[in-house]
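Below is one structure; the comments refer to it alone.
Residue numbers start at 1 and run along the sequence shown. Note: hydrogens, waters and symmetry copies are ignored here, and every other heavy atom, side chains too, is used. None of the values given here were measured: they were computed from a predicted structure.
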Amino acid sequence: MGVLCGWRCFTVPLPPRPEIGELGGGAVPRGGHRHLVETEKRTLVCACTACSLLFDRPGTRTGRYRAVPDRYLTDPGHYLDEGLWERLQIPVGVAFFFRNAALDRLVALYPSPAGATESELDPQTWQQVLDGAPLAAMLEPDTEALLVHRWEGRSGCYLVPVDACYELVGRMRTLWQGFDGGAEARAALRAFFDDVERRARPVAPTGDRS
């Protein structure tokens with residue numbers, strides 16, 4: 001998914017004068033703003049308040065533009081063992097999945113110095129990551145992602161807004177140094193997941209669609 005709003009809203013502060021939404025022309029809130037997914041081009045679009053409310057109404061979630069939800073969920077019972085993670089060949093210990101409605105399939109990506117890199121592994125290998133994860137069945141197409149993370153022998157599984165994943169991609173792209181990312185990138189990664197943990201609500205193993 002390309003990001004029409006560029007990396008500016010994920011990597012730099014908003015300018016002193018309000019930005020203008022790329023769709024409706026309204027002012028983008030300075031304290032943070034929502035995004036829309038343009039499904040035909042697989043892009044994120046900065047949205048003013050009016051547009052975010054308009055496209056968040058029932059009946060507008062299957063059209064060309066879809067508002068990115070703001071829910072965060074976590075599955076404490078989902079665990080990725082070291083052997084499976086090594087098969088994924090992800091150097092940064094983080095990956096995210098979203099369902100592309102147009103292609104009718106899951107797309108798997110991970111942050112890299114070049115931006116969001118799509119995995120070229122066999123889809124069956126990725127399916128092993130999702131097996132037994134109730135959050136995978138709860139994803140809203142195109143607008144939400146399943147975020148998995150493994151660090152220091154532990155693992156985490158979260159359902160998050162897809163733009164949160166691209167926020168992480170933007171941070172890693174900006175801060176990455178050397179082979180392993182460097183201390184600043186690792187600190188940013190920890191801070192990002194601390195925030196996800198703070199926001200996320202745990203779900204029962206059987207799933208909770210509320």
Does the salt bridge (Lys or Arg N to Asp or Glu O under 4.0 Å) test come out yes or no for R198 and D194, once each step is laid out?
CA-CA 6 Å; R198 179 181 60 81; D194 285 346; over 6 Å; no
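- Summarising the geometry of A185 relative to G181, their closest heavy-atom pair is CB-O, 3.3 Å, with the distance given to 0.1 Å.
- In terms of heavy-atom proximity, W85 sits nearest to A95 at CH2-N, 4.3 Å.
- Between T74 and L135 the shortest side-chain heavy-atom distance does not fall below 4.5 Å.
- Minimum heavy-atom separation, G156 to W151: N-CZ3, 3.6 Å.
- Closest heavy-atom contact between P76 and V203: CD-O, 4.1 Å.
- Using cut-offs of 30° and 60° on the angle between ring planes, the pair F193 and H149 is parallel.
- Between F192 and L168 the shortest side-chain heavy-atom distance falls below 4.5 Å.
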Apply side chain to side chain contact (heavy atoms under 4.5 Å, CB included) to T43 and V37, showing your working.
CA-CA 6 Å; T43 58; V37 173; over 6 Å; no
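- To the nearest 0.5 Å, the span separating OH on Y158 from CZ on R199 amounts to 13.5 Å.
- From L139, atom CG reaches atom CZ of R99 across 8.0 Å, with rounding to the nearest 0.5 Å.
- Side-chain atoms of P161 and E144, non-hydrogen and from C-beta on, never get closer than 4.5 Å to each other.
- Considering CE of M172 and CD of E184, their distance stands at 9.0 Å, rounded to 0.5 Å.
- Minimum interatomic distance between T117 and S112 (heavy atoms only, all atoms of both residues): OG1-OG, 2.7 Å.
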Decide yes or no on side chain to side chain contact (heavy atoms under 4.5 Å, CB included) for E140 and R66, but give the supporting numbers first.
CA-CA 10 Å; E140 291 288 342; R66 302 179 192 175; over 6 Å; no
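- Between Y166 and F96, a ring centre-to-centre spacing shorter than 6.0 Å is recorded.
- Cluster membership check: L175 does not share its hydrophobic cluster with V169, using side-chain heavy-atom separations under 4.5 Å among Ile, Leu, Val, Met, Phe, Trp and Tyr.
- Side-chain contact between C157 and L146 is present, with at least one heavy-atom pair separated by less than 4.5 Å.
- Residues T39 and Y65 fail the side-chain proximity criterion, which asks for heavy atoms closer than 4.5 Å.
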Take V68 and L44 through the side chain to side chain contact (heavy atoms under 4.5 Å, CB included) test and state the conclusion after the steps.
CA-CA 9 Å; V68 176; L44 287 173; 4.2 Å; yes
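- Remark: T143 OG1 to L36 CG distance equals 10.5 Å, nearest 0.5 Å.
- In this structure the side chain of E86 reaches within 4.5 angstrom of the side chain of E82, judged on heavy atoms.
- In this model, no donor atom of one side chain and acceptor atom of the other lie less than 3.5 Å apart for E118 and Y110.
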Hey, mind stepping through L109 and F98 against side chain to side chain contact (heavy atoms under 4.5 Å, CB included) and telling me if it holds?
CA-CA 9 Å; L109 306 103; F98 70 91; 3.5 Å; yes
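- Taken to the nearest 0.5 Å, the CZ atom of R186 stands 9.0 Å off from the CH2 atom of W176.
- Of the inter-residue distances, the one linking C165 atom SG with F97 atom CZ reads 10.5 Å to the nearest 0.5 angstrom.
- Taking 4.5 Å as the limit, every side-chain heavy atom of H35 sits out of range of all side-chain heavy atoms of V45.
- Side-chain contact check for M138 versus L73: some heavy-atom pair is nearer than 4.5 Å.
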